[in-house]
Novice: 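Here it is, the structure, as structure tokens.
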Amino acid sequence: MRIARFSIDGNVAFGAVEGDGPDGLVLDIIKGIPYSEFELSGTKVPLNKVRLLPPVLPNKVVAIGRNYAEHAAELGHEVPDVPVAFFKPTTSVIGSGDAIEYPSFSDEVHHEAELAVVIGRMCREVPRERVKDVIFGYTCANDVTARDAQKREKQWARAKGFDTSCPLGPWVETDLDPTDLAIQATVNGEQRQLGRTSDMIRSIEDLVVHITEAMTLLPGDVILTGTPAGVGPLHVGDEVAVTIEGIGTLTNKVIKRG
């Protein structure tokens, strides 16, 4: 099931996405919160009549760096012995169609297409065999990065945590095998990244176990699983799209911060 979060007439709701093609998609509004038992209301609205919002509002986004060998190599890094984890704040999260605001402190902003894992229940110290039980679904992500600031400042808080640096969407797919999906990034229609989730160094199970050894994850929290090779610059006026097989396409334009 595809679960979207949207706004219509000033109201925010969740809905199940039904149909095919951009003009044939409708939302069946959900009664309640989708992380627990819910019902479909039967009230349907066309997708093109609503504004899509970030599919979740996470308490935290835990991101993983250097989880694809070719990406580590293209930046001149070794594959780490343990997963490299960092945070992106809630204020960095935007939805499909929202603008990425180019930060004033950077001259080198890059796209990073990633598969995002959405957590469905509160969990801590999750054993490997229970990882699937705590996952709500999957969505597309763009770990937008101020590369020059990342190199200059060593700590990644500003480089990866600036406002609008975490596009998520367009919706969450709850019924998906994430082990071997095509993941692609285009800029202005030109392909930049193309990889497969099967190329991850550490699996989703590895990452959930590693993260929850240290911290509690809450419903709606997001794990970014790393990016394949091909990251590159974004400029004001560009349109960047992240497409993941079985999920859909996350699209954002880059604008100058006002």
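Throughout, residue positions are numbered sequentially from 1 according to the sequence presented.
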Novice: Can you sort out the partners of Ser198 under side chain to side chain donor-acceptor pair (under 3.5 Å), two or more places apart, ordered by chain and number?
Specialist: Asp180

Novice: With hydrophobic residues grouped by side-chain heavy-atom distances under 4.5 Å, do Leu57 and Val172 end up in a single group?
Specialist: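 No: no chain of side-chain contacts under 4.5 Å links Leu57 to Val172.
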
Novice: Can you list every pair that meets salt bridge (charged side-chain N to carboxylate O under 4.0 Å, His left out) and has a residue in residues 249-258, with sequence neighbours left out?
Specialist: Glu101-Arg257

Novice: Thr90 side chain to Pro58 main-chain N or O, any donor-acceptor pair under 3.5 Å?
Specialist: yes

Novice: Under a 3.5 Å distance rule, please check whether Glu114 uses its side chain to pair with a backbone N or O of Gly226 as donor and acceptor.
Specialist: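 Looks like yes, one N/O pair under 3.5 Å.
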
Novice: Side chain to side chain contact (heavy atoms under 4.5 Å, CB included) for Phe136 and Ile119? Distances and angles first, verdict last.
Specialist: CA-CA 5 Å; Phe136 176 62; Ile119 298 300; over 6 Å; no

Novice: If you take all heavy atoms of Val236 and Tyr102, which pair is closest and at what distance?
Specialist: CG2-CB, 4.1 Å

Novice: Between Met200 and Val131, is there shared hydrophobic-cluster membership here, with clusters defined by ILVMFWY side-chain heavy atoms closer than 4.5 Å?
Specialist: yes

Novice: Does Arg158 make a cation-pi contact with Phe105 (under 6.0 Å, within 45 degrees of the axis)?
Specialist: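 Geometry flag: set, cation within 6.0 Å and 45°.
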
Novice: Can you check whether Ile29's main-chain N or O pairs, donor with acceptor, with Ser41's side chain at less than 3.5 Å?
Specialist: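 Yes, because the side chain of Ser41 sits within donor-acceptor range (under 3.5 Å) of the backbone of Ile29.
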
Novice: Are Phe162 and Val144 side-chain neighbours, meaning at least one heavy-atom pair lies under 4.5 Å?
Specialist: yes

Novice: Sequence neighbours left out, what passes side chain to side chain contact (heavy atoms under 4.5 Å, CB included) with Ser203? Give chain and number order.
Specialist: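 Only Arg128, Glu205, Asp206 meet the side chain to side chain contact (heavy atoms under 4.5 Å, CB included) criterion with Ser203.
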
Novice: Is the backbone N or O of Val118 less than 3.5 Å from a side-chain atom of Tyr138, with the two atoms forming a donor-acceptor pair by type?
Specialist: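 No; judged by distance alone, with no hydrogens or angles, the pair does not exist.
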
Novice: Under 3.5 Å, which donor-acceptor pairs do the side chains of residues 3-21 form with other protein atoms, sequence neighbours left out?
Specialist:
residue : atom : partner : partner atom : Å
Arg5    : NH1  : Pro54   : O            : 3.0
Glu18   : OE1  : Lys44   : NZ           : 3.0

Novice: Can you sort out the partners of Asp148 under side chain to side chain donor-acceptor pair (under 3.5 Å), two or more places apart, ordered by chain and number?
Specialist: Ser106

Novice: Grouping I, L, V, M, F, W and Y whenever their side-chain heavy atoms are under 4.5 Å apart, do Ile183 and Leu176 come out in a common cluster?
Specialist: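 Per the 4.5 Å side-chain linkage, Ile183 and Leu176 are co-clustered.
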
Novice: To the nearest 0.5 Å, tell me how far Ile223 CD1 sits from Ile204 CD1.
Specialist: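 Between Ile223 CD1 and Ile204 CD1, I get 8.5 Å after rounding to 0.5 Å.
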
Novice: Do Phe87 and Val62 come within less than 4.5 Å of each other through their side chains, counting heavy atoms only?
Specialist: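 With C-beta onward as the side chain, the pair touches.
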
Novice: Consider only side-chain heavy atoms of I, L, V, M, F, W and Y, link residues closer than 4.5 Å, and tell whether Val45 and Leu47 are in one cluster.
Specialist: yes

Novice: What pairs with Lys49 under side chain to side chain contact (heavy atoms under 4.5 Å, CB included), at least two apart in sequence or on another chain?
Specialist: Pro46

Novice: Are Val231 and Arg147 packed together at the side-chain level, in the sense that at least one heavy-atom pair is separated by less than 4.5 angstrom?
Specialist: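 Yes. Closest side-chain heavy atoms under 4.5 Å.
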
Novice: Should we count CD of Glu70 as having more than 12 external heavy atoms under 6.0 Å?
Specialist: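 Count not over threshold, so no.
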
Novice: Would you find more than 12 non-hydrogen atoms of other residues, nucleotides or ligands less than 6.0 Å from Glu74 atom CD?
Specialist: yes

Novice: Donor-acceptor pair, distance only, cut-off 3.5 Å: does the side chain of Glu39 make one with the backbone of Ile30?
Specialist: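 Such a contact is absent between Glu39 side chain and Ile30 backbone.
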
Novice: What do the steps show when you test Ile94 against Leu168 for side chain to side chain contact (heavy atoms under 4.5 Å, CB included), and what is the final call?
Specialist: CA-CA 6 Å; Ile94 58 174; Leu168 298 173; over 6 Å; no

Novice: Just wondering, are more than 12 heavy atoms of other shown residues or ligands nearer than 6.0 Å to CG in Asp175?
Specialist: no

Novice: Is the shortest heavy-atom distance from the side chain of Arg121 to the side chain of Tyr35 under 4.5 Å?
Specialist: no

Novice: Going by the side chain to side chain contact (heavy atoms under 4.5 Å, CB included) test, name the single residue among Val84, Leu207, Ile201, Thr225 that passes it with Ile64.
Specialist: Leu207

Novice: Is a side-chain donor or acceptor of Ser92 paired with a backbone partner of Asp163 at a separation under 3.5 angstrom?
Specialist: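 Looks like no, no N/O pair under 3.5 Å.
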
Novice: Do the side chains of Thr197 and Pro178 get nearer than 4.5 Å, heavy atoms only?
Specialist: no

Novice: Taking only residues two or more places apart in sequence, or in another chain, which ones meet Asn188 in a side chain to side chain donor-acceptor pair (under 3.5 Å)?
Specialist: Asp238

Novice: Within a strict 4.5 Å, meaning less than it, do heavy atoms of the Leu224 and Lys88 side chains meet?
Specialist: yes

Novice: Contact between Trp171 and Ser96 at the side-chain level, heavy atoms closer than 4.5 Å - yes or no?
Specialist: no

Novice: Kindly indicate whether the side chain of Pro167, heavy atoms from C-beta on, has any atom under 4.5 Å from the side chain of Ile100.
Specialist: yes

Novice: Of all residues at least two apart in sequence or in a different chain, which pass the side chain to side chain contact (heavy atoms under 4.5 Å, CB included) check with Arg192?
Specialist: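 By the side chain to side chain contact (heavy atoms under 4.5 Å, CB included) rule, Arg192 matches His111, Val187, Pro233.
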
Novice: Determine which pairs satisfy salt bridge (charged side-chain N to carboxylate O under 4.0 Å, His left out) with at least one residue from residues 130-140, sequence neighbours left out, and list them in order.
Specialist: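 Pairs touching residues 130-140 that pass the test: Arg130-Asp133.
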
Novice: Inspect the surroundings of CD in Glu37 and state if more than 12 heavy atoms from other residues, nucleotides or ligands are less than 6.0 Å away.
Specialist: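 Not more than 12 within 6.0 Å, no.
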
Novice: Tell me, please, which residues at least two apart from Lys160 pass salt bridge (Lys or Arg N to Asp or Glu O under 4.0 Å).
Specialist: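 Applying salt bridge (Lys or Arg N to Asp or Glu O under 4.0 Å) to Lys160 gives Glu112, Asp143.
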
Novice: Would you list the atom pairs, donor with acceptor, under 3.5 Å between side chains in residues 212-222 and any protein atom, with sequence neighbours excluded?
Specialist:
residue : atom : partner : partner atom : Å
Thr212  : OG1  : Val126  : N            : 3.1
Thr212  : OG1  : Val208  : O            : 2.8
Asp221  : OD1  : Asn59   : N            : 3.0
Asp221  : OD1  : Lys60   : N            : 3.0
Asp221  : OD2  : Lys60   : NZ           : 2.8
Asp221  : OD2  : Leu218  : N            : 2.8

Novice: How far does CD of Glu108 sit from CG of Leu234, to the nearest 0.5 angstrom?
Specialist: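 Here the interatomic distance stands at 11.0 Å.
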
Novice: Which pairs of donor and acceptor atoms, one on a side chain in residues 240-252, lie under 3.5 Å apart (sequence neighbours left out)?
Specialist:
residue : atom : partner : partner atom : Å
Thr243  : OG1  : Thr249  : OG1          : 2.8
Glu245  : OE1  : Ala182  : N            : 2.9
Glu245  : OE1  : Arg196  : NH2          : 3.2
Asn252  : ND2  : Gly95   : O            : 2.9
Asn252  : ND2  : Asp98   : O            : 2.8

Novice: For Lys154, is there any backbone N or O sitting under 3.5 Å from a side-chain donor or acceptor partner on Trp156?
Specialist: yes

Novice: Given 3.5 Å as the limit, does a donor-acceptor pair link the side chain of Glu173 with the main chain of Met1, or not?
Specialist: yes

